[in-house]
There are 2 protein chains.
Amino acid sequence: MEIREVFAINLRRRRQAAGLSQEELAHRAELDRTYISALERCVYAASIEVVDRLARELGVEASELLQRPSVPKIRKKGGASKTTGE
Amino acid sequence: MEIREVFAINLRRRRQAAGLSQEELAHRAELDRTYISALERCVYAASIEVVDRLARELGVEASELLQRPSVPKIRKKGGASKTTGE
DNA sequence: TTCGATTGTAGAGAATACTCCGTGGTAGAA
DNA sequence: TTCTACCACGGAGTATTCTCTACAATCGAA
């Protein structure tokens, strides 16, 4: 999983959890709305400065937005082994 | 503390801990040597892609390189209160 | 349908990250 | 001293991020 994707997913989830629209978040973080949209679609690799500004407005640490999803406990009998895709 | 600084400090500490020169790390992460130097001096705000590439070569998660140093348990009697500097 | 709110997307330009060249400085070993 | 390894730093050029404007699509409510 690419780091852009990790960030995109975390950003969208946190934003929605905070009940903010892309526009609201963009305004608070002093960024452009279309840019937030692009970030959530993995169009760009954000600089750590925008990661930090978004994290602040979402009430989390910058590092959290780069946290890869923890592997969700595999429960299997005889299924084919599945790789992470990365 | 600015996020650049957080990253710069973590990068340098991890690099030295790994016993790598800026040149060695740059080569392994396929980045320019002078750029690594600049990152450790807070000249630029790296993109999350270079954070990720450096993290890989240092054997850590990208998110770790953005982790702010934990406040080291204040032990004081009557000293002037000290701010974080930020 | 019509409206408001939200998001996707395109294009052009400004700003900044990143590369590549070179120079110099410091410290340790020969 | 001389050599080597390592790092700070400058400038110029390329690549990418980020801003701004505009238009279209979707969805739920009136």
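Because the structure is a prediction, the values reported are computed rather than measured. In the text below, chain A, chain B and the rest are named by the order of the sequence lines, each starting its count at 1.
For the pair B/L25 CG and D/dC7 P, the computed distance is 10 Å after rounding to whole Å. Between A/R12 atom CZ and C/dT6 atom P the separation is 14 Å, expressed in whole Å. Rounded to whole Å, the distance from CD1 on B/I36 to P on C/dA17 is 15 Å. When rounded to the nearest whole Å, the span between OH of B/Y44 and C1' of D/dT14 equals 13 Å. Note: CZ (A/R33) to P (C/dT9) measures 11 Å, nearest angstrom. Summarising the geometry, the separation between CZ on A/R41 and P on D/dT17 is reported as 13 Å, rounded to the nearest angstrom. Spacing between atom CD of A/E30 and atom C1' of D/dC20 amounts to 16 Å, rounded to whole angstrom units. A straight line from CD of B/E49 to C1' of C/dA17 spans 12 Å, rounded to a whole angstrom.
With distances taken from any side-chain atom of B/A45 to the nucleotides D/dC7, C/dA17, D/dT17, the minimum falls on C/dA17. In this structure, the nucleotide among D/dC9, D/dA8, D/dT19 sitting nearest to the side chain of B/Q22 is D/dA8. In this structure, of D/dC6, C/dA17, C/dC20, it is C/dC20 that holds the atom nearest to the side chain of B/T34.
Side-chain nitrogen and oxygen atoms of A/S37 include none within less than 4.0 Å of the OP1 or OP2 phosphate oxygen of C/dT7. Between A/R15 and C/dT7, a side-chain N or O to OP1/OP2 separation shorter than 4.0 Å is present.
As judged by a 4.0 angstrom heavy-atom cut-off over every strand, A/R4 is placed among residues touching the sugar-phosphate backbone only. Residue-level contact check: B/S47 touches the backbone only, with heavy atoms under 4.0 Å from sugar-phosphate atoms and none from bases. Using a 4.0 Å heavy-atom cutoff across all strands shown, A/A38 reaches no nucleic acid atom at all.
To the nearest 0.5 Å, atom CG of residue A/L66 and atom CG of residue B/L66 are 5.5 Å apart. Between B/R53 atom CZ and B/L25 atom CG the span is 11.0 Å, to the nearest 0.5 Å. Note that CG of B/N10 is 10.5 Å distant from CG of B/L58, once rounded to the nearest 0.5 Å.
Counted by atom type alone, A/R33 and A/S37 present zero donor-acceptor pairs between their side chains at under 3.5 Å.
Salt bridge present: B/R12 and B/E40 bring a charged side-chain N and a carboxylate O closer than 4.0 Å.
Place A/R53 and B/S21 on DNA chain D by their nearest nucleotides, and B/S21 ends up nearer the 5' end.
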